J.: 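Structure below; questions to follow.
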Amino acid sequence: MNNQDDIILRTDNLTKRYGGVHALEEANFTLKKGEHVAIVGDNGAGKSTFVRQITGVEQPTSGDIFFEGKRVEFNSPLEAREAGIESVFQDLALCNDLDVPSNLFLGREELLFKFGPFSILDEKKMMRKAKEVLERTAIKIPNLSNHVGDMSGGQRQCVAISRSASFASKLIIMDEPTAALGVQETTQVENIIRGLKDQGVPLILISHNLRQVFNLVDKIWVFRRGRIVGEVIASETDGNEIVSMITGMQGGVHEKASYI
Amino acid sequence: MFKRENLPAEASIFAVFVGIAVLFEVLGWLFIGKSFLGNVQRLEIIILQVSIFGIIAVGVTQVIITSGIDLSGGAVLALSAMVAASFAQSVDAFAPIFPQFLGLPIIIPIAVGLAVGAACGWINGSITAYTGIPPFIATLGMLVTARAVAVIYTEGQPVYSLSDSFTVIGSGAWPVLVFFVVAVIFHLVLKHTVYGKHTYAIGSNEKAARVAGINVRRHKIMVYTIAGSLSGLAGVVMCARATIAQSGMGTMYELDAISAVVIGGTSLFGGRGRISGTVIGVCILGVITSGFTFLRIDFYYQEIVKGMIIVGAVMLDQRRQAKQRSRA
Ligand SMILES: Nc1ncnc2c1ncn2[C@@H]1O[C@H](COP(=O)(O)OP(=O)(O)OP(=O)(O)O)[C@@H](O)[C@H]1O
Ligand SMILES: [Mg+2]
């Protein structure tokens, strides 16, 4: 078994049911410090559900989550974030009517003057920092004071990713971060992820793109119908093996090799 | 040269306002041989009339930005006015409500009126935030209840003999000043504070706001409480102006307030809107009411035109929204 001190995140028998739907069944998952892993699986396999439990968006039906060795119960995304877990959600979670800096700093605004809810915003500072953050990621957004809703899907995705990448302290989780992106933006996002690896920030990446998964991560977790059906070291496997784990079929895999 | 898109939304609403005012001026000369705008007294009356529901509209703007609605403004105004007035009676009042509380310093009835409004708003906000009952229904319930409590409070009797020191705050330009100060304060608060940012965020994408760590329930309760307090303030100013409080005061004011907000460009879908737009919306409604009266056109025709303007404003909003969706 792994040395306990090495493990940043562990789940024991994590289970989530929505009424009769068994979205996640007894998931036992571990993530080591500095490790980058991918979660793969078909649509509806329970990947996003898993992420929602460990980021406090939802509370599990049963099972335990251990973060940095301590049992945690996140009652809200804020609690998870305060513990150092940042996430990019599949459905973006941006406010279309706000501009880029407001979205980047939503919920942790820079302040000029503190006065409870009526604290005055430091808009200049947020704009300046937003520029820095986006420059570092080489993402091109012409005018940061535009409403996010007026930007392209790729640009929005980039904003969401830079938001979590720039605030990530202990763990970052990305649910299909490049699903809506063009080739160039995808490369940029992949570079952000490599940067996180260099910084030693652990990452959980959910992706349907196996080429990307093999390029980026150390280990692959396979989900099927709400269950974890395998964990494999990326360098010790190939696309065919992963695909047969995803689909649960041993034969007929070769037609599906287009996955790679 | 600037492009049309770069103009603030307020510019076009303001243009409508000026257009309507000029239209009445022309019609005035054509049909009754008088100037509409030339009459200073009339302009004063317009501003005074709109100030009261304008104060409510400042709160309603914030509620609508969160993609909620507050239908209870007029009723909360009445209840707050009744309760505030009962603490504002002069020492020589005949058959006072509270014989032991006469000639109090004016800060007490003002604070009481605001507190009653805040309590009503807090109830609206809590129901909306915690039960999942839509704000339309929650505040409709408040509309009926607050009006009924206002009647029960004095068994249907008006509250007279308000002290002179209290009625001062409704006299002269005071209501306008209160409206103006409240509008400026909340315009700045929405623009430059965390409260404002989170108000827009919740209306724009409630889920994103929650994920970003905003306590959405607490924030909504705060927004409705502020709206209730402003309705309470409107009640205080209105009874001070009338020197009497009646349970029927402010009937339908919630509709004027909501209309002003919508005409002022705040989106019923939430996430967008500004107090400055609402102020112009309030002025547009005032000018229309006054202009029709000036042209001696029947009250019900005024209502028809107002109704059409509101529907038009909402249609514009929907088209804007649809455009955004198709792009996203
Ligand atoms: N809020 C919910 N209520 C009911 N069922 C849900 C809910 N959320 C997810 N499910 C169900 O749980 C299962 C797992 O869904 P989940 O979103 O985790 O899949 P996923 O692996 O992320 O798929 P995708 O690759 O399509 O994003 C699905 O069958 C889904 O229909
Ligand atoms: Mg998913």
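Owing to the predicted nature of the structure, the values given are computational and were not obtained by experimental measurement.
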J.: Nearest 0.5 angstrom please: B:Lys197 NZ to A:Cys95 SG, how far?
T.: 10.0 Å
J.: Give the minimum heavy-atom separation between B:Val194 and A:Leu121, together with the two atoms involved.
T.: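 Heavy atoms of B:Val194 and A:Leu121 come nearest at CG2-CD2, 3.7 Å.
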J.: Just checking A:Phe167: does its CZ atom have more than 12 heavy atoms from other residues, nucleotides or ligands closer to it than 6.0 angstrom?
T.: yes
J.: With respect to chain A, which residue among B:Lys207, B:His198, B:Glu206, B:Lys191 yields the maximal number of heavy-atom pairs within a distance under 4.5 Å?
T.: B:His198
J.: Using a 6.0 Å cut-off, check whether atom CZ of A:Phe66 has over 12 heavy atoms from anything other than its own residue.
T.: yes
J.: Looking at B:Ser204, B:Gly196, B:Gly213, which makes the most heavy-atom pairs under 4.5 Å with chain A?
T.: B:Ser204
J.: Which atoms of A:Leu112 are under 4.5 Å from chain B, going by heavy atoms: the side chain, the backbone, both sets, or neither?
T.: neither
J.: If I measure from the heavy atoms of chain B, does A:Ser76 come under 4.5 Å with its side chain, its backbone, both, or neither?
T.: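 Contact with chain B is absent: no heavy atom of A:Ser76 under 4.5 Å.
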J.: Do you know which two heavy atoms are closest between A:Ile120 and B:Thr193, and how far apart they sit?
T.: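 Closest heavy-atom pair between A:Ile120 and B:Thr193: CD1-CG2, 4.1 Å.
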J.: Over all heavy atoms of both residues, which pair between A:Phe118 and B:Ile226 is shortest? Give the atoms and the distance, please.
T.: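 In terms of heavy atoms, the two residues are closest at CZ-CD1, 3.9 Å.
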J.: Identify the heavy atoms of A:Asp97 and B:Gly271 that sit nearest to each other, and give their distance.
T.: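 That would be CB-O, 3.3 Å.
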J.: Which atom pair, heavy atoms only, marks the closest approach of A:Pro117 to B:Met222?
T.: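 Closest approach of A:Pro117 to B:Met222, heavy atoms only: CB-CE, 3.7 Å.
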J.: Just checking A:Gln59: does its CD atom have more than 12 heavy atoms from other residues, nucleotides or ligands closer to it than 6.0 angstrom?
T.: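 Atom CD in A:Gln59 is packed in, count exceeds 12.
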J.: Shorter than 4.5 Å, heavy atoms on both sides: which option in A:Arg108, A:Glu79, A:Glu109 has the most such pairs with chain B?
T.: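 Result: the option with the highest number of such pairs is A:Glu109.
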J.: Where on B:Val211 is there a heavy atom nearer than 4.5 Å to chain A: the side chain, the backbone, both, or neither?
T.: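 For B:Val211, heavy atoms of backbone and side chain both lie under 4.5 Å from chain A.
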J.: With a 4.5 angstrom heavy-atom cut-off, is it the side chain or the backbone of B:His192 that approaches chain A, or both, or neither?
T.: both
